Amino acid sequence: MGKRIVIALGGNALGSNLPEQMIAVKQTAKAIVDLIEEGHEVIIAHGNGPQVGMIQKAMAELTRSEPEKYIPCPLSVCVAMSQGYIGYDLQNALREELLDRGIQKGVATVLTQVEVDPNDEAFQNPTKPIGAFMTKEEADKMVAERGYNVIEDAGRGYRRVVASPRPQSIIEIQSIRDMVEAGLVVVACGGGGIPVYKTEGHHLKGAAAVIDKDFASCVLAQQVEADTLIILTAVEKVAINFGKPDEKWLDSLTPDEARKYIGEGHFAPGSMLPKVEAAVEFAESAPGRSALITLLEKAKDGVAGKTGTAIHQ
Ligand SMILES: Nc1ncnc2c1ncn2[C@@H]1O[C@H](COP(=O)(O)OP(=O)(O)O)[C@@H](O)[C@H]1O
Ligand SMILES: NC(=O)OP(=O)(O)O
């Protein structure tokens with residue numbers, strides 16, 4: 001029987017630059033349409049780390065080179081631009097793949113705002129890497145010239161980090177539900193959603209942040225009453241003792257087991273940890289719900305129970 005599935009797409013589904021993204025989304029669309037062909041209802045969320053960093057850098061460059069013409073572009077606006085740009089590529093790749101397989105289904109990207117708490121302590125402690133990797137020299141220059149916060153990212157180089165508050169609720173949730181009910185393939189909560197908070201009356205103000213897409217996907221999956229949250233990433237399964245000689249790949253995890261492994265530090269913050277935390281939160285949110293963490297190209301096998309790490313009560 002067909003399930004309602006929220007898919008969170010990771011970095012490997014999109015690539016790191018314009019040509020890479022154009023190629024990557026073709027494979028991504030194949031994996032997603034495989035699930036649609038099997039009768040599942042699919043709602044797609046995605047990351048935006050490389051893209052939002054690229055857009056923010058380009059906008060900052062404009063302000064620096066022509067200050068009389070351009071004022072600084074808020075990070076919330078850069079997130080909105082990244083949703084539009086990624087949605088454009090994903091929407092087209094999905095449209096083409098559906099038509100090639102003779103499936104008549106509309107695809108729509110919803111520019112999605114996600115409410116955050118302006119007092120979230122994440123605003124004082126930037127942790128979310130965005131943009132391209134830098135050398136130590138490039139990173140030091142960014143810190144000195146622009147006051148950026150920079151971290152060394154798991155031995156892969158240096159990256160700018162920005163605030164990443166927890167998503168509270170999805171402003172456009174009713175529109176998303178209506179589109180899903182109408183049979184559309186919906187792309188929503190891209191890049192974790194445009195971070196906003198409520199001010200006077202009904203006004204929403206953009207926040208200088210990038211929300212983690214795994215957490216936003218978890219909220220989305222709960223609010224559309226999905227059966228399954230699938231987090232597609234660059235590994236087929238979750239491991240304990242990851243990268244060590246006694247590494248062990250896990251087929252399934254209960255929330256209690258996951259919490260034990262989280263406590264023992266098995267999942268890297270900023271990469272596998274938010275995925276496992278989001279998966280646990282979704283699996284515990286209502287009876288019968290489950291989450292799956294696997295590779296993009298294994299999504300179909302994962303839903304069939306053949307691979308991936310399943311998280312359920
Ligand atoms: N315990 C673990 N099990 C599996 N992968 C892990 C673990 N800890 C860290 N990782 C790393 O997390 C990566 C996925 O995180 P990331 O690249 O940030 O995801 P994405 O861009 O797909 O959202 C994997 O490719 C792997 O290198
Ligand atoms: N917004 C977000 O979580 O992006 P990445 O998945 O690219 O880090």
Side-chain angles (χ1 to χ4, degrees), residues 7-17 20-21 24 28 31 44-56 75-76 78-83 85-86 112 114 116 122 126-133 151 153-156 159-167 188-195 207 209-220 229-244 246-251 253 257-258 260-262 264-279 293-299 308-309 311:
I7 297 178
L9 297 172
N12 65 334
L14 301 172
S16 310
N17 55 43
E20 272 184 28
Q21 182 170 303
T28 304
I44 301 150
H46 59 80
N48 71 343
Q51 296 82 359
V52 75
M54 173 186 80
I55 292 166
Q56 197 281 331
L75 192 50
S76 53
C78 297
V79 173
M81 290 179 180
S82 76
Q83 282 191 352
Y85 156 55
I86 296 169
T112 319
V114 169
V116 297
T127 54
K128 182 82 193 155
I130 63 165
F133 286 94
I151 56 145
D153 191 353
R156 297 179 290 186
R159 275 180 106 186
R160 182 180 177 199
V161 282
V162 297
S164 194
R166 285 286 182 132
C189 291
I194 304 160
V210 173
I211 301 170
D212 187 286
K213 62 104 181 26
D214 299 314
F215 294 138
S217 304
C218 174
V219 175
L220 176 64
L229 168 65
I230 306 185
I231 301 179
L232 297 178
T233 186
V235 282
E236 189 165 340
K237 295 183 186 187
V238 176
I240 50 170
N241 302 314
F242 178 67
K244 298 186 183 148
D246 54 348
E247 177 179 79
K248 186 177 166 216
W249 299 100
L250 305 170
D251 295 326
L253 264 176
E257 286 166 342
K260 174 175 168 285
Y261 293 142
I262 288 171
E264 292 169 2
H266 287 282
F267 312 126
S271 61
M272 192 46 76
L273 182 60
K275 296 181 202 319
V276 174
E277 287 179 337
I293 300 175
T294 194
L295 263 181
L296 174 69
E297 45 284 35
K298 297 284 178 179
T309 304
I311 298 94

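Both ligands and their constituent atoms are indexed starting at 1 by order of listing. In this text the structure is predicted, and so the values were computed from the model without any measurement. What you see below is based on every heavy atom in this structure, not just the backbone, and it leaves out hydrogens, waters and symmetry mates.
Residues that satisfy the side-chain contact (heavy atoms from CB on, under 4.5 Å) test with Gln21, not counting sequence neighbours, are Leu14, Val25, Gln51, Tyr85, Ile86, Asp89. In terms of the side-chain contact (heavy atoms from CB on, under 4.5 Å) criterion, residue partners of Ala209 (sequence neighbours excluded) are, by chain and number, Phe123, Ala163, Pro165, Pro195.
Side-chain atoms of Glu247 never come within 3.5 Å of backbone atoms of Ala239 as a donor-acceptor pair (strictly under, hydrogens ignored). Without hydrogens or angle criteria, Ser217 side chain to Ala45 main chain gives no donor-acceptor distance under 3.5 Å. With hydrogens and angles disregarded, no donor-acceptor distance shorter than 3.5 Å links the side chain of Gln56 to the backbone of Cys78.
The residues lining ligand 1, counting any heavy atom closer than 4.0 Å, are Gly10, Gly11, Lys213, Thr233, Ala234, Val235, Lys237, Val238, Ala239, Phe242, His266, Phe267, Ala268, Gly270, Ser271, Met272, Lys275.
The closest side-chain heavy-atom distance from Lys128 to Val161 is not below 4.5 Å. Using a 4.5 Å cut-off on side-chain heavy atoms (C-beta onward), Val219 and Val114 make no contact. Between Leu253 and Tyr261, some side-chain heavy-atom pair lies under the 4.5 Å cut-off.
Under a cut-off of 6.0 angstrom, the local environment of NZ in Lys237 is crowded, with over 12 non-hydrogen atoms contributed by other residues, nucleotides or ligands.
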Would you mind listing each N/O atom of ligand 2 next to any protein N/O under 3.5 Å, plus the distance?
from, atom 1, to, atom 2, distance (Å)
ligand 2, 1 (N), Asn48, OD1, 2.9
ligand 2, 1 (N), Gly191, O, 3.3
ligand 2, 1 (N), Ile211, O, 3.0
ligand 2, 3 (O), Lys128, NZ, 2.9
ligand 2, 3 (O), Lys213, N, 2.8
ligand 2, 4 (O), Asn48, N, 3.0
ligand 2, 4 (O), Gly49, N, 3.4
ligand 2, 6 (O), Lys213, NZ, 3.0
ligand 2, 7 (O), Asn48, N, 3.3
ligand 2, 7 (O), Gly49, N, 2.8
ligand 2, 8 (O), Lys128, NZ, 2.9

